[in-house]
Amino acid sequence: MPTLHARIVDVAARISASAPTASWTAPDVATAFSDTAERLRALTGAAAPEAAPRVWCTWYRYFEDLTADDVRENLAALDELDLPIDVMQIDDGWSTGTGEGTRVRDAFGDLAALVDTIRAGGRRAGIWLAPFLLGVETTLATEHPEWLVGPAGFNWGQDQTGLDLTHPGVQEYLVEVFSSLRDLGIDYFKLDFLYAGAIPGTRHRPLDGVQAYREGMLLIREAVGPDAFLVGCGAPLLPSIGLVDAMRVSPDTFHEGGEDGSTGLRGQMSLEARHWQNGRLWINDPDCLVARPSFALRDQWAEVVRSAGGLASFSDRLAELDDHGLRMVRDLLEAPDDRRAPSAAAATGGLR
């Protein structure tokens with residue numbers, strides 16, 4: 001797939017591509033986006049997305065202070081309240097960090113036992129990883145400097161770097177990580193900071209960043225199997241077509257400490273701009289509903305999430321929801337199938 005580049009020259013945007021491209025016309029903007037999506041699917045051989053699951057996520061309530069008991073508490077509450085959740089997704093906070101393999105943080109507890117408990121209740125177990133990103137001070141980075149490509153930002157108190165997805169050692173490592181989690185019974189993977197797989201730099205094999213990224217994603221799919229559900233996050237969008245089941249198309253609802261609403265509805269603009277992708281390229285993930293009273297913008301954000309369609313998820317401790325918040329969660333999770341089914345979302349048109 002060609003890589004498109006846009007740069008501003010004087011007052012115009014100049015578009016170039018790394019390989020030959022095609023062009024076409026459409027009678028209106030909505031049709032242009034729809035036609036583009038169908039052409040991209042045909043080009044990549046991507047299958048039409050299936051119906052979106054309903055997800056409970058740990059992140060916006062527990063952040064990195066998560067324990068297995070927190071998940072169990074909410075699992076029991078979901079049953080007591082009879083809320084239709086398909087996936088219990090364990091977000092960041094379960095492991096000792098990127099670059100440390102699948103080592104579980106001591107304070108978290110027993111991951112394998114938790115997965116068994118989730119699955120015993122008829123739900124799927126999901127987990128968060130940042131598979132292509134690691135801190136420069138981590139075990140993996142210090143033991144295998146030959147696996148690193150180049151700078152990939154700053155997070156978790158240290159500089160980050162991207163993995164060389166063409167290196168045989170990295171490929172073996174990724175297969176081991178994902179195979180071990182799949183063997184535990186996990187079959188829903190939220191893959192974050194995926195851009196790190198495509199950063200510029202010298203690689204073991206002479207592939208560019210996009211080619212290396214796609215190779216790494218194909219490796220993950222092979223390791224987890226065709227029935228696993230992959231959610232892309234922080235990913236290069238066009239290169240991900242055909243490689244993920246769902247894609248985060250908005251920034252985080254808020255960062256830790258942002259429940260006061262001071263940063264506004266961070267995801268609304270990108271959700272509206274990328275609505276046309278839902279059901280065509282993948283299932284859009286609008287990010288989690290947060291329905292507890294302490295989130296100042298819960299009503300406004302609930303309306304945005306409901307309108308977006310796609311992946312239905314929320315991230316609250318059930319015990320902290322008031323009656324109004326619980327109604328918002330039910331409205332999202334119990335929406336008719338045609339609100340969550342990608343085919344219906346695609347049929348409603350493109351831009352909103």
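All heavy atoms count here, side chains included; hydrogens, waters and symmetry mates do not. Here the structure is a predicted model, which means the values were calculated and not measured.
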Can you hop from [X] to [Y] via hydrophobic side chains spaced under 4.5 Å?
{"X": "Val177", "Y": "Ile186", "result": "yes"}
{"X": "Leu219", "Y": "Phe178", "result": "yes"}
{"X": "Phe132", "Y": "Phe154", "result": "no"}
{"X": "Phe108", "Y": "Trp156", "result": "yes"}
{"X": "Met269", "Y": "Phe254", "result": "no"}

With a sphere of 6.0 Å drawn around CZ of Arg119, does it hold more than 12 non-hydrogen atoms of other residues, nucleotides or ligands? no
[X]-[Y] side chain donor-acceptor pair, cut-off 3.5 Å:
{"X": "Thr31", "Y": "Asp28", "answer": "yes"}
{"X": "Thr139", "Y": "Glu100", "answer": "yes"}
{"X": "Asp91", "Y": "Thr58", "answer": "no"}
{"X": "Asn74", "Y": "Tyr62", "answer": "yes"}
{"X": "Gln300", "Y": "Gln268", "answer": "no"}
{"X": "Ser307", "Y": "Glu303", "answer": "yes"}

Suppose the criterion is ring-ring contact (aromatic ring centres under 6.0 Å, His included): which pairs have a residue in residues 200-242, not counting sequence neighbours? His167-His204, Tyr188-Phe229
Please answer whether the main-chain N or O of [Y] pairs with a side-chain N or O of [X] as donor and acceptor at a distance below 3.5 Å.
{"X": "Arg123", "Y": "Ile85", "value": "yes"}
{"X": "Asp164", "Y": "Thr166", "value": "yes"}
{"X": "Thr161", "Y": "Leu148", "value": "no"}
{"X": "Asp70", "Y": "Thr67", "value": "yes"}

Cationic N near anionic O, under 4.0 Å, Asp245 to Arg221: yes
Cation-pi geometry met for Arg39 and Trp24 (6.0 Å, 45°): yes
Under the criterion side-chain contact (heavy atoms from CB on, under 4.5 Å), I'd like the reasoning laid out for Val175 against Glu222: C-alpha separation, chi angles, the key distance, then a yes or no. CA-CA 9 Å; Val175 169; Glu222 184 177 353; over 6 Å; no
From the options Glu259, Glu320, Arg61, select the one residue that forms a side-chain hydrogen bond (donor to acceptor under 3.5 Å, both in side chains) with Ser294. Glu259
Within this structure, what is the CG-CD1 distance for the pair Leu165 and Ile220, rounded to the nearest 0.5 Å? 8.0 Å
For the atom pair CG (Asn278) and CG (Asp285), what is the distance rounded to the nearest 0.5 Å? 10.0 Å
For the residue pair His144 and Trp147, categorise the inter-ring angle as parallel (less than 30°), tilted (30 to 60°) or perpendicular (more than 60°). parallel
Trp128 vs Phe193 aromatic rings, parallel, tilted or perpendicular, using cut-offs 30° and 60°? perpendicular
I want to check something: taking the side chain as every heavy atom from C-beta on, are Leu281 and Leu40 in contact at a cut-off of under 4.5 Å? yes
Is there a side-chain contact (heavy atoms from CB on, under 4.5 Å) between Asp86 and Val55? Walk through the geometry before answering. CA-CA 6 Å; Asp86 305 308; Val55 181; over 6 Å; no
